[in-house]
Amino acid sequence: MLIKRLTVIGVGLIGGSLARALKRAQACAHITGCAPEVKELKRALTLGVIDDFYTDIGVAIKGAEIVVVAVPLGAMAAVFQQLAGHLDEATVVTDVGSVKSRVVEAARRCLGPYLPRFVPGHPLAGTEKSGVEASLVDLFDGHRVILPPTAETDPRALAQITKLWGQAGALVEIMEAARHDEVLAATSHLPHVLAYALVQALAKMEESGTVFRFAAGGFADLTRIASSNPALWHDIVFANREAVLTMIE
C-alpha cells in the first residue's frame, strides 16, 4: 500500500518513529508533520523524518489520505475538535493514545460524521525518552499494536490502518477498548506508577544522596521508566484511573 500523503500530528518519539518506519518501508510518497512548536518541526525536517510541516492543522491535513494523531492524551480532544472542520470524507484518522476508552469518547464527541473513518490505535512500544531526536526507525519491529475499532468504524478504514502498522514492522491485534485499558493498566500504567513512587520515596529519605549513590543495576532496571515525561504520564494515569486503582489494590 503506497500512501500518497500522510500527516503526523505530533512528531515526537512515537509519531517520529512511525514516520521513519514508513519511510524505510517506502510506504509513503510524502509525510507532513504538524505541531505547535516550529523548532521541533524544523528538527524533524532536518533529520529527514518528515518532508514538510505546518503548524496549522487545517493546512497540514489538506489532501492527506491518513492522519495520525500522536499528541499527548490530554491534547487529543482539542486536536479532534480542530480536525472536524477540515477532514476530507475519504481521510482516515488514527491515533496512538494509551487509554482507548478516553480517546474513543473524545472522538465520538468531536468527530461526529467522520467517526466511521476513525480507527483507534495504540502501539505497545516506546522508551523513557521523548522528542523527535529520540525516534527510532525500528521502534515497532516485532511489537504489538492494538486496534480497538468502534461500532461505527468502517472495515475498509480498519484494513488501511492494519496495513500501515504492518508496514511499520508491527504485529496488529484487535481488542475492545475497555479490555485494552484493563490490560495496559496492568502491564504499562502500574509499572510506571511503581517506578515513580519508588524514586519519590527514596528521594524523601533523610540521606537520599547516600542511598542513590549505592543504587546499582537492579535499581536502574526497576526505575528506568521513572525518567519518562511526568506530564504525559499524569494524563495517562488519571485518564485510566479506575483500572489503575484496581491494579494498585
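Residue numbers run from 1 in the order of the sequence given. Excluded from the calculations below are hydrogen atoms, water molecules and symmetry mates; all remaining heavy atoms, backbone and side chain alike, are included. Because the structure is a prediction, the values reported are computed rather than measured.
- We find that Asp51 and Lys23 are joined by a salt bridge, their nearest charged nitrogen and carboxylate oxygen being less than 4.0 Å apart.
- Inter-residue side-chain proximity for Val145 and Leu124 is flagged as unmet; no heavy-atom pair is nearer than 4.5 Å.
- Side-chain contact between Pro36 and Thr55: absent, with no pair of heavy atoms (C-beta onward) separated by less than 4.5 Å.
- The shortest distance between side-chain heavy atoms of Cys28 and Leu2 does not fall below 4.5 Å.
- The structure places CD of Gln167 at 6.0 Å from CD1 of Ile3, a figure rounded to the nearest 0.5 Å.
- Residues passing the side chain to side chain donor-acceptor pair (under 3.5 Å) test with Arg102, sequence neighbours excluded: none.
- Considering CG of Asp235 and CE of Met76, their distance stands at 10.0 Å, rounded to 0.5 Å.
- Applying the ring pair (Phe, Tyr, Trp, His ring centres under 6.0 Å) rule to His143 yields no partners; only residues at least two apart in sequence or on another chain are considered.
- When the side chains of ILVMFWY residues are joined at heavy-atom separations under 4.5 Å, either directly or via intervening members, Val67 and Ile50 end up in two distinct hydrophobic clusters.
- A distance of 5.0 Å separates CZ of Phe212 from CZ of Phe219, quoted to the nearest 0.5 Å.
- One N or O on the side chain of Thr246 and one on the backbone of Glu242 form a donor-acceptor pair closer than 3.5 Å.
- Within a 6.0 Å sphere centred on CZ of Arg144, other residues, nucleotides and ligands contribute 12 heavy atoms or fewer.
- Considering Val71, Thr32, Val68, Val93 in turn, Val71 is the only one that fulfils the side-chain contact (heavy atoms from CB on, under 4.5 Å) rule with Ile9.
- Side-chain N or O atoms of Asp138 include none that pairs as donor or acceptor with a backbone N or O of Asp141 at under 3.5 Å.
- Below 30°, between 30° and 60°, or above 60°: for Trp233 and His192 the angle between ring planes is below 30°, a parallel geometry.
- The two residues Thr153 and Pro120 make their nearest non-hydrogen contact at OG1-CD, 4.4 Å.
- Tested against His180, the residues His122, Lys100, Glu173 include a single side chain to side chain donor-acceptor pair (under 3.5 Å) partner, His122.
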task = Determine, stepwise, if the pair Ser98 / His189 fulfils side-chain contact (heavy atoms from CB on, under 4.5 Å).
result = CA-CA 9 Å; Ser98 64; His189 306 167; 3.9 Å; yes
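- The two residues Gly166 and Val172 come nearest to each other via the heavy atoms N-CG2, 4.5 Å.
- With contacts defined as side-chain heavy-atom distances shorter than 4.5 Å, the pair Pro148/Ile174 does not qualify.
- No side-chain donor-acceptor contact under 3.5 Å links Asp154 to the backbone of Pro116.
- Counting only heavy atoms from C-beta outward, the side chains of Leu232 and Ser130 never approach each other to under 4.5 Å.
- In the hydrophobic cluster analysis, where Ile, Leu, Val, Met, Phe, Trp and Tyr join through side-chain heavy atoms closer than 4.5 angstrom, Val137 is grouped apart from Ile31.
- The hydrophobic cluster containing Val199 does not contain Tyr196, counting ILVMFWY residues as joined when their side-chain heavy atoms lie under 4.5 angstrom apart, directly or transitively.
- In this structure, the side chain of Thr94 engages the main chain of Val119 through a donor-acceptor pair within 3.5 Å.
- Across every non-hydrogen atom of Ser135 and Gly12, the tightest pair is CB-O, 4.0 Å.
- More than 12 non-hydrogen atoms from other residues, nucleotides or ligands lie less than 6.0 angstrom from CZ of Arg24.
- Using a 4.5 Å cut-off on side-chain heavy atoms (C-beta onward), Tyr114 and Leu83 make no contact.
- Between the side chains of Asp181 and Ser101, at least one donor-acceptor pair of N or O atoms lies under 3.5 Å.
- Contact record, Leu171 with Gly142: CD1-O, 3.6 Å, taken as the closest heavy-atom pair.
- Looking at Thr91, its side chain never comes within 3.5 Å of a backbone N or O of Ile66 through a donor-acceptor pair.
- Neither Leu73 nor Leu184 shares a network with the other; the hydrophobic side chains, linked directly or stepwise wherever heavy atoms of I, L, V, M, F, W or Y lie under 4.5 Å apart, form separate groups for each.
- Shown here for Cys34 and Ile57, the closest heavy-atom pair between the two residues is SG-CG1, 3.8 Å.
- Not one N or O on the side chain of Asn240 forms a donor-acceptor pair closer than 3.5 Å with the backbone of Ala243.
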Full working for side-chain contact (heavy atoms from CB on, under 4.5 Å) between Leu164 and Val92 = CA-CA 11 Å; Leu164 177 142; Val92 174; over 6 Å; no
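- With respect to Glu65 and Lys4, no salt bridge is recorded, no charged nitrogen being found less than 4.0 Å from a carboxylate O.
- Side chains of Thr223 and Leu194 form no contact here, defined as non-hydrogen atoms less than 4.5 Å apart.
- Atoms CD and SG, from Gln82 and Cys110 in turn, are 10.5 Å apart once rounded to the nearest 0.5 Å.
- Taking OG of Ser228 as the reference point, atom NZ of Lys129 lies at 11.5 Å (rounded to 0.5 Å).
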task = Test side-chain hydrogen bond (donor to acceptor under 3.5 Å, both in side chains) on His30 and Asp52 and set out the steps.
result = CA-CA 8 Å; His30 191 94; Asp52 65 357; 3.1 Å; yes
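- Here Glu152 pairs with Arg108, Thr150 under the side chain to side chain donor-acceptor pair (under 3.5 Å) rule; sequence neighbours left out.
- Residues Tyr54 and Leu41 are not in side-chain contact: their nearest non-hydrogen atoms beyond the backbone lie 4.5 Å or more apart.
- Between the side chain of Glu40 and the backbone N or O of Val132 there is at least one donor-acceptor pair closer than 3.5 Å.
- If you chain together hydrophobic residues whose side chains sit under 4.5 Å apart, Leu18 and Leu47 fall into the same group.
- Taken from CZ in Arg179 to CD1 in Ile146, the straight-line distance is 9.5 Å, to the nearest 0.5 Å.
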task = Report the C-alpha separation of Lys62 and Thr7 in whole Å, then their side-chain angles, then the decisive distance to 0.1 Å, and conclude whether the side-chain contact (heavy atoms from CB on, under 4.5 Å) test is met.
result = CA-CA 9 Å; Lys62 189 174 182 180; Thr7 298; over 6 Å; no
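- Closest heavy-atom contact between Ala186 and Leu190: O-CB, 4.0 Å.
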side-chain contact (heavy atoms from CB on, under 4.5 Å) between Val79 and Asp95, worked out = CA-CA 11 Å; Val79 171; Asp95 79 295; over 6 Å; no
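- Aromatic rings of Phe80 and Phe118 (six-membered ring for Trp) have centroids within the 6.0 Å cut-off, being under it.
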